[in-house]
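Down below is the structure, laid out as C-alpha cells.
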Amino acid sequence: MSQDSLSAVFAALADPTRRAILSRLREGEASVGELSQPFDMSPPAITKHLKVLERTGLIKRGRDAQWRPCRLSAEPLKEVLQWVEQYREFWDGGLDRLDEHLKQLNANASRKQKGTDRAEKK
C-alpha cells in the first residue's frame with residue numbers, strides 16, 4: 001500500500017458512518033438497503049459512503065441479479081495496523097513508566113504506613 005492509499009484508508013475510516021458500515025459488514029454481506037437501515041440517511045447517501053469504502057479497497061461489491069451485496073475486505077486494515085504498530089513501543093514505554101511510578105508510590109505509602117505504625121506503638 002502506498003502512502004497515498006494509506007492516507008485514503010485513514011480518511012475513509014475518519015467518518016463514523018463508514019466505520020459503522022464496516023462493523024456491520026463484519027457480520028456478513030449486506031445490501032445497500034440493509035446497510036442504510038440504522039442510519040437516518042437516504043440510500044444514495046449510503047451509496048456515496050460505500051463508494052469511498054470501495055475505492056480504498058475496504059469493501060467489495062458483488063452482483064447477484066438486482067442485488068449488489070457488499071462485503072468487508074479487510075486487507076487495507078492490515079496495512080493500517082502495520083503503520084500503527086510502529087508506535088507500540090511508544091505506548092508500551094509509557095505504560096512501563098506508569099507502572100514503575102505506581103510501584104514507587106505504593107512503596108512510599110507502605111514505608112510511610114510502617115513509620116506511622118511504629119510511632120503509634122511507642
Side-chain angles (χ1 to χ4, degrees):
M1 178 182 291
S2 71
Q3 183 62 33
D4 289 333
S5 54
L6 183 61
S7 296
V9 171
F10 274 118
L13 294 174
D15 186 279
T17 300
R18 293 183 205 130
R19 290 194 307 271
I21 289 170
L22 291 176
S23 292
R24 165 56 185 87
L25 290 174
R26 284 186 321 183
E27 299 168 10
E29 289 185 348
S31 67
V32 173
E34 292 168 330
L35 291 171
S36 66
Q37 286 176 356
F39 304 105
D40 186 24
M41 56 177 73
S42 66
I46 292 294
T47 298
K48 286 182 181 178
H49 286 294
L50 293 177
K51 286 181 179 176
V52 171
L53 293 171
E54 193 172 17
R55 274 195 304 268
T56 58
L58 288 165
I59 67 166
K60 302 280 186 204
R61 298 179 80 179
R63 183 172 291 279
D64 185 12
Q66 299 293 327
W67 197 54
R68 293 206 62 205
C70 299
R71 62 182 161 80
L72 180 65
S73 175
E75 192 65 31
L77 294 176
K78 288 182 183 175
E79 301 295 331
V80 169
L81 180 61
Q82 288 173 350
W83 188 86
V84 171
E85 281 285 330
Q86 299 174 59
Y87 299 95
R88 177 178 293 282
E89 187 176 310
F90 174 76
W91 296 323
D92 288 347
L95 291 175
D96 289 345
R97 286 191 301 274
L98 177 62
D99 187 46
E100 187 60 39
H101 181 69
L102 291 174
K103 285 178 183 173
Q104 202 168 32
L105 288 176
N106 285 337
N108 290 344
S110 180
R111 272 187 247 128
K112 193 173 186 177
Q113 182 63 38
K114 286 179 183 175
T116 304
D117 291 345
R118 286 184 192 142
E120 289 176 359
K121 287 182 180 178
K122 289 182 181 180

Spacing of [X] atom [atom1] and [Y] atom [atom2] [to the nearest 0.5 Å]:
X    : Y    : atom1 : atom2 : answer
I46  : E34  : CD1   : CD    : 12.5 Å
W67  : E29  : CH2   : CD    : 5.5 Å
L35  : T17  : CG    : OG1   : 11.5 Å
N106 : Q104 : CG    : CD    : 10.5 Å

Ignoring hydrogens and angles, tell me if any N or O in the side chain of E79 forms a donor-acceptor pair with the backbone of P76 under 3.5 Å.
no

Between [X] and [Y], is any pair of side-chain heavy atoms under 4.5 Å apart?
X   : Y    : result
L25 : L58  : no
Q82 : L6   : no
D99 : K103 : yes
V32 : R68  : no

List the atom pairs, donor and acceptor, that lie under 3.5 Å between side-chain atoms in residues 47-55 and the rest of the protein, sequence neighbours left out.
from, atom 1, to, atom 2, distance (Å)
T47, OG1, P43, O, 2.9
H49, ND1, R18, NE, 3.1

If two hydrophobic side chains count as joined below 4.5 Å and joins carry through other members, does Y87 share a cluster with F10?
yes

Nearest heavy-atom contact between R19 and A14 is NH1-O, 3.2 Å

Carefully, step by step, assess L13 and L77 under the rule side chain to side chain contact (heavy atoms under 4.5 Å, CB included).
CA-CA 10 Å; L13 294 174; L77 294 176; 3.9 Å; yes

Carboxylate-amine/guanidinium proximity below 4.0 Å for E75 and K78:
yes

